[in-house]
Amino acid sequence: MLAGSDIDTLVVGPKHVLIDDFFAEFPPILQRMASEGAIEKMTPVPDAFVPIIKLELCGISIDLIFARLVIPAIPMNLDLKNNDYLRGLDEREVRSLNGTRVTDE
């Protein structure tokens with residue numbers, strides 16, 4: 001892997017999962033799911049331009065970006081290019097989704 005590179009991952013949640021839930025609940029879940037010592041570093045950054053959890057898993061840098069959609073459940077065939085998913089989101093949520101949308105374009 002190149003120095004300074006990482007894996008950017010978008011975590012999408014339904015309308016009832018708020019960004020505060022992501023930062024409160026997701027890090028402990030990740031710790032429980034990972035093998036002991038696999039997560040070398042984890043830094044939640046809720047106030048960033050795009051709220052993010054930075055972690056190092058088995059030597060691999062990963063950025064977890066959260067986006068909440070105003071839908072009751074996340075379908076398995078989610079197509080984030082659908083502009084309808086942007087309705088009802090705040091600016092931070094739109095920024096979180098736009099990284100993936102721009103990459104797909």
Side-chain angles (χ1 to χ4, degrees):
M1 196 176 264
L2 298 172
S5 65
D6 59 23
I7 296 173
D8 294 329
T9 304
L10 179 64
V11 178
V12 181
K15 66 182 180 181
H16 61 273
V17 178
L18 305 177
I19 197 158
D20 292 338
D21 299 326
F22 173 68
F23 285 106
E25 303 295 330
F26 207 60
I29 290 170
L30 289 171
Q31 291 283 5
R32 284 193 306 271
M33 290 177 64
S35 302
E36 188 172 330
I39 296 178
E40 299 152 20
K41 205 183 331 181
M42 185 180 320
T43 308
V45 189
D47 297 325
F49 185 70
V50 174
I52 191 169
I53 295 174
K54 295 179 165 288
L55 66 102
E56 194 165 312
L57 177 68
C58 299
I60 300 169
S61 295
I62 301 172
D63 291 346
L64 299 173
I65 300 164
F66 177 75
R68 178 186 69 96
L69 299 179
V70 188
I71 57 177
I74 304 301
M76 292 299 289
N77 62 345
L78 179 66
D79 179 6
L80 290 177
K81 290 180 262 175
N82 182 342
N83 288 332
D84 290 340
Y85 289 130
L86 299 176
R87 291 192 180 118
L89 301 182
D90 67 25
E91 186 177 329
R92 288 171 31 147
E93 292 166 330
V94 171
R95 283 194 306 255
S96 294
L97 285 174
N98 273 340
T100 298
R101 290 166 50 92
V102 168
T103 300
D104 285 348
E105 291 298 317

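Bear in mind that the values here come from a model prediction, so they are computed numbers and not experimental data. One-based numbering along the sequence shown.
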Closest contact, heavy atoms only, [X] versus [Y]:
X	Y	result
M42	P27	SD-CB, 3.4 Å
F23	P44	CD2-CB, 3.7 Å
S96	A67	CB-CB, 4.0 Å

Euclidean distance, [Y] [atom2] relative to [X] [atom1], rounded to 0.5 Å:
X	Y	atom1	atom2	value
L89	R95	CG	CZ	12.0 Å
D90	R68	CG	CZ	7.0 Å
L64	F22	CG	CZ	5.5 Å
I62	K54	CD1	NZ	11.5 Å
D84	L69	CG	CG	11.5 Å
E40	E56	CD	CD	4.5 Å

Step by step, work out the side-chain contact (heavy atoms from CB on, under 4.5 Å) result for Q31 and I39. CA-CA 7 Å; Q31 291 283 5; I39 296 178; 4.1 Å; yes
Results of side chain to side chain contact (heavy atoms under 4.5 Å, CB included) for P75 - residues two or more places apart only: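 In terms of side chain to side chain contact (heavy atoms under 4.5 Å, CB included), with neighbours along the sequence ignored, P75 is linked to I71, N77, L78, Y85.
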Compare all side-chain heavy atoms of [X] with those of [Y] and state whether any distance is below 4.5 angstrom.
X	Y	value
I19	P46	no
R32	I29	yes
I52	V50	no
L30	L57	no

According to a hydrophobic-cluster definition based on side-chain heavy atoms being under 4.5 Å apart (Ile, Leu, Val, Met, Phe, Trp, Tyr only), do L18 and I74 belong together?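 Looking at the clustering, I74 is in a separate group from L18.
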Can F49 be reached from I65 by stepping across I, L, V, M, F, W or Y side chains whose heavy atoms are under 4.5 Å apart?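 Yes, because I65 and F49 connect within a single hydrophobic cluster, where side-chain heavy atoms sit under 4.5 Å apart.
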